[in-house]
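Working notes for the structure below.
Only this structure's heavy atoms are used, side chains among them; waters, hydrogens and symmetry mates stay out. So that the names make sense, note that chain A is the first sequence line, chain B the second, and so on, each numbered from 1.
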2 protein chains.
Amino acid sequence: MVFAALSDPTRRAILSMLLEDDMAVTDVAEPFEMSLAAVSKHLVILANAGLITQEKRGRVKWCKLEPDALREASIWMQGFGQFEAVNLDAFERFLASELSDPGLSDPEDDGSDDEEE
Amino acid sequence: MVFAALSDPTRRAILSMLLEDDMAVTDVAEPFEMSLAAVSKHLVILANAGLITQEKRGRVKWCKLEPDALREASIWMQGFGQFEAVNLDAFERFLASELSDPGLSDPEDDGSDDEEE
DNA sequence: GGCAAGCTTAACCGAAAGGTTGAGAATGCC
DNA sequence: GGCATTCTCAACCTTTCGGTTAAGCTTGCC
């Protein structure tokens with residue numbers, strides 16, 4: 001269900017927005033040229049896929065990104081050689097730093113990037 | 001379009017099959033309980049997403065996996081912190097084997113599996 | 001040539017997706 | 001209490017999706 005949830009550009013945009021910070025439903029909907037109800041439905045789909053969680057505080061429902069849900073999908077992808085293709089540079093560097101500095105055991109890496117289609 | 005292509009379980013299964021080897025359209029269709037025409041359409045969708053290429057030799061059209069197409073999608077995912085979350089175990093093992101056996105330099109990973117949504 | 005094999009195309013169908021509007025349920029504020 | 005804010009639900013509509021069958025085009029083989 002994760003891939004289906006990710007297949008819609010609106011939903012991917014929402015995930016990108018939530019990357020910055022948790023947001024209320026109304027605020028999530030604001031930049032989109034569609035009704036609040038439509039965005040609300042997208043959020044349900046994202047929540048069902050486990051990509052976000054929603055917590056109601058007062059009358060405001062807060063949406064929080066749950067990037068762990070991408071794990072399964074990403075692992076599936078790794079079976080296709082994506083593993084080598086994508087990560088090798090990053091991991092080569094990681095590996096290099098690991099080898100040159102054996103005392104280091106907590107890799108500080110940041111692949112923060114935004115990708116629209 | 002990659003995520004949309006991946007959102008269908010039949011198409012994910014096809015990709016897994018092509019992981020083993022290139023296949024003719026008829027052979028791809030064989031294990032499925034649907035018409036050849038239906039599978040042919042799925043293959044068109046996968047080709048449009050760049051996930052496979054098709055080459056006609058004689059009257060047989062061969063399907064070849066193009067895992068590079070997963071790159072873009074995977075990179076997008078990495079923006080969500082998935083990078084650290086997913087790869088640490090796999091890479092911890094990779095790293096361990098790398099360190100214990102420095103002659104090894106070609107990671108053989110196979111996570112070929114099929115998950116339904 | 002004639003026929004079978006290997007695919008694709010076209011027309012069609014039902015169900016699901018993505019949107020709308022309108023009503024309504026909670027909640028907070030005065 | 002009364003009203004505005006926040007969000008969901010229900011009904012509806014249109015388009016897309018995933019499947020079917022039937023026809024047709026190439027290609028290979030006898």
Take the protein atom [atom1] of [X] and the nucleotide atom [atom2] of [N], then report the distance between them rounded to whole Å.
X      : N       : atom1 : atom2 : answer
F32(B) : dG19(D) : CZ    : P     : 10 Å
W62(A) : dT8(D)  : CH2   : P     : 14 Å
E30(B) : dG6(C)  : CD    : P     : 12 Å
D27(A) : dT6(D)  : CG    : P     : 8 Å
L36(A) : dT21(C) : CG    : C1'   : 13 Å
M1(A)  : dA16(C) : CE    : C1'   : 14 Å
L46(A) : dT8(D)  : CG    : P     : 12 Å
L6(B)  : dC17(D) : CG    : P     : 15 Å

Of all the nucleotides listed ([options]), which has the minimum atom distance to the side chain of [X]?
X      : options                   : result
M34(B) : dT20(D), dG19(C), dC7(C)  : dT20(D)
V25(B) : dT8(C), dG19(C), dT8(D)   : dT8(C)
I45(A) : dG18(C), dG18(D), dG19(D) : dG18(C)
V60(B) : dG18(D), dG6(C), dT20(D)  : dG6(C)

Hey, does the side chain of [X] come within less than 4.0 Å of [N]'s phosphate (OP1/OP2), counting only N and O?
X      : N       : value
S35(A) : dT20(C) : yes
H42(A) : dG19(C) : yes
K41(A) : dT8(D)  : no

Sugar-phosphate, base or nothing in reach of A37(A), heavy atoms under 4.0 Å: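 Here A37(A) touches the bases of the nucleic acid.
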Touch class at under 4.0 angstrom, heavy-atom based, for T26(B) against every strand present: sugar-phosphate
In one Ile/Leu/Val/Met/Phe/Trp/Tyr side-chain cluster, 4.5 Å: V44(A), V39(A): no
V28(A) with M34(A), same ILVMFWY side-chain cluster at under 4.5 Å: yes
Evaluation steps, side-chain contact (heavy atoms from CB on, under 4.5 Å), between D22(B) and C63(B): CA-CA 6 Å; D22(B) 298 358; C63(B) 305; over 6 Å; no
Taking every non-hydrogen atom, the tightest pair across A73(A) and F3(A):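 Taking every non-hydrogen atom into account, CB-CZ, 3.7 Å.
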Name of the residue among K61(B), R11(B), Q54(B) meeting side chain to side chain contact (heavy atoms under 4.5 Å, CB included) with L43(B): Q54(B)
Flag side-chain contact, heavy atom, 4.5 Å: L18(A) against M23(A): yes
Interface with DNA chain D, restricted to residues 50-59 of chain B and to heavy atoms under 4.0 Å: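 The stretch gives G58(B), R59(B) as the residues lying under 4.0 Å from the strand, ordered by number.
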Check: S7(B) side chain, A4(B) main-chain N or O, donor-acceptor pair, under 3.5 Å: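 Yes: the side chain of S7(B) pairs with the backbone of A4(B).
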